[in-house]
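Quick notes on the structure that follows.
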Amino acid sequence: MDRKFDYEYFRKSADYILDKIDFKPEIAIILGSSLGPLAEEIKNPVVIDYKDIPNFLISTVKSHAGKLILGELNGKKIACMSGRFHFYEGYDFEELVIPVRVLHLLGVKTIILTNAAGAVNTSYKPGDIMIIKDHIKLMGASPLRGPNIEEFGERFFDVSDMYTKSLRELAKRCADRIGINLQEGVYFFCPGPQFETPAEIRAIRILGGDAVGMSTVTEALTAAHCGMKVLGLSLITNMAAGILNKPVTSEEVDETGAKASEKFRRLIGEIVKEIN
Ligand code: HPA
């Protein structure tokens with residue numbers, strides 16, 4: 001990694017974006033694999049390619065569009081990232097702070113992180129949506145490693161309520177209202193790009209993980225560091241390795257993602273409406 005991160009580094013990306021809009025988004029949504037279609041519902045969109053934003057990162061994953069969409073959803077000003085960045089693409093953990101810090105500088109106070117995940121908890125099934133109650137990340141460094149930038153937050157910071165309780169309750173109320181059943185559990189971060197081994201999944205279950213995935217955690221930590229409220233939602237696309245007598249495939253992940261995306265969109269729409 002040869003980038004030098006200081007406050008000005010992130011300011012440069014944010015100023016480029018702020019120059020193209022005449023409002024400040026208060027809510028951000030990061031869309032995971034196959035969840036891209038939500039972006040089509042955004043009114044009066046200003047669409048910016050990641051590759052045009054100075055100091056930003058570039059999506060390398062097929063199912064990730066690589067666009068920042070700014071506009072209105074259900075009466076709220078939002079910034080929506082259609083496509084995110086992962087450790088498995090070759091980015092360092094320290095680089096993965098970029099999108100969330102830039103969103104913070106745009107004015108974002110609440111972030112909704114979505115992802116596709118494998119079920120470790122055998123009572124879950126593909127198509128379920130899980131609210132992330134907490135996470136486990138045993139692998140690798142923190143995205144907040146390195147010199148602390150005080151403008152964003154304190155060196156040592158609390159993560160005991162990083163998946164904001166009031167937002168989890170709000171999500172449950174919204175799901176009830178529109179007749180969607182939700183799970184709530186612990187997201188276990190695995191860096192990928194390989195899916196996990198059956199032995200890893202058994203270990204994750206013993207350790208307290210309910211779902212497993214390759215994203216979200218770096219963004220959530222960065223958001224918690226700069227004081228954002230965080231809601232994490234996992235779309236369960238498959239049973240994790242070793243649970244069923246079949247391999248885990250990205251086709252299954254994409255297919256289930258596509259089938260459940262309408263339900264997911266409705267839920268996010270309701271949640272956005274309710275966030276103050
Ligand atoms: N493992 C890791 N990441 C995933 C999975 C999985 O089973 N499904 C979707 N993303």
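None of the values given here were measured: they were computed from a predicted structure. In listed order, ligands and their atoms are each counted from 1.
Close contacts between ligand 1 and Glu196 involve ligand atoms 1 (N), 2 (C), 6 (C), 7 (O) [criterion: under 4.0 Å to a heavy atom]. For ligand 1, the atoms closer than 4.0 angstrom to any heavy atom of Gly118 are 5 (C), 6 (C), 7 (O), 8 (N), 9 (C). Listed by number with element, the atoms of ligand 1 under 4.0 angstrom from any heavy atom of Ala116 are 9 (C), 10 (N). Below 4.0 Å from some heavy atom of Thr237 lie the following atoms of ligand 1, by number and element: 8 (N), 9 (C). Proximity to Asn238 (heavy-atom distance under 4.0 Å) selects the following atoms of ligand 1: 5 (C), 6 (C), 7 (O), 8 (N), 9 (C). Of all atoms in ligand 1, numbered sequentially from 1 with element shown, those under 4.0 Å from a heavy atom of Gly213 are 2 (C), 3 (N).
Residues Lys125 and Asp128 are paired through a salt bridge, judged by an N-O separation under 4.0 Å between the basic side chain and the carboxylate. Glu184 and Arg168 are joined by a salt bridge, as a carboxylate oxygen and a charged side-chain nitrogen come within less than 4.0 angstrom of each other.
Phe5 and Tyr9 have perpendicular rings, their planes meeting at more than 60° on a 0 to 90° scale where under 30° would count as parallel.
Atom CD1 of Ile27 sits about 11.0 Å away from atom CD1 of Ile111, to the nearest 0.5 Å.
Stacking of Arg101 on the aromatic ring of Phe152 is recorded, both the 6.0 Å distance cut-off and the 45° axial limit being met.
Side-chain contact, Ser234 with Asn115: a donor N or O sits under 3.5 Å from an acceptor N or O.
Ranking protein heavy atoms by distance to atom 4 (C) of ligand 1, first place goes to Val212 O, 3.8 Å.
Within the structure, the closest approach of Ala117 to ligand 1 falls below 4.0 Å when heavy atoms are considered.
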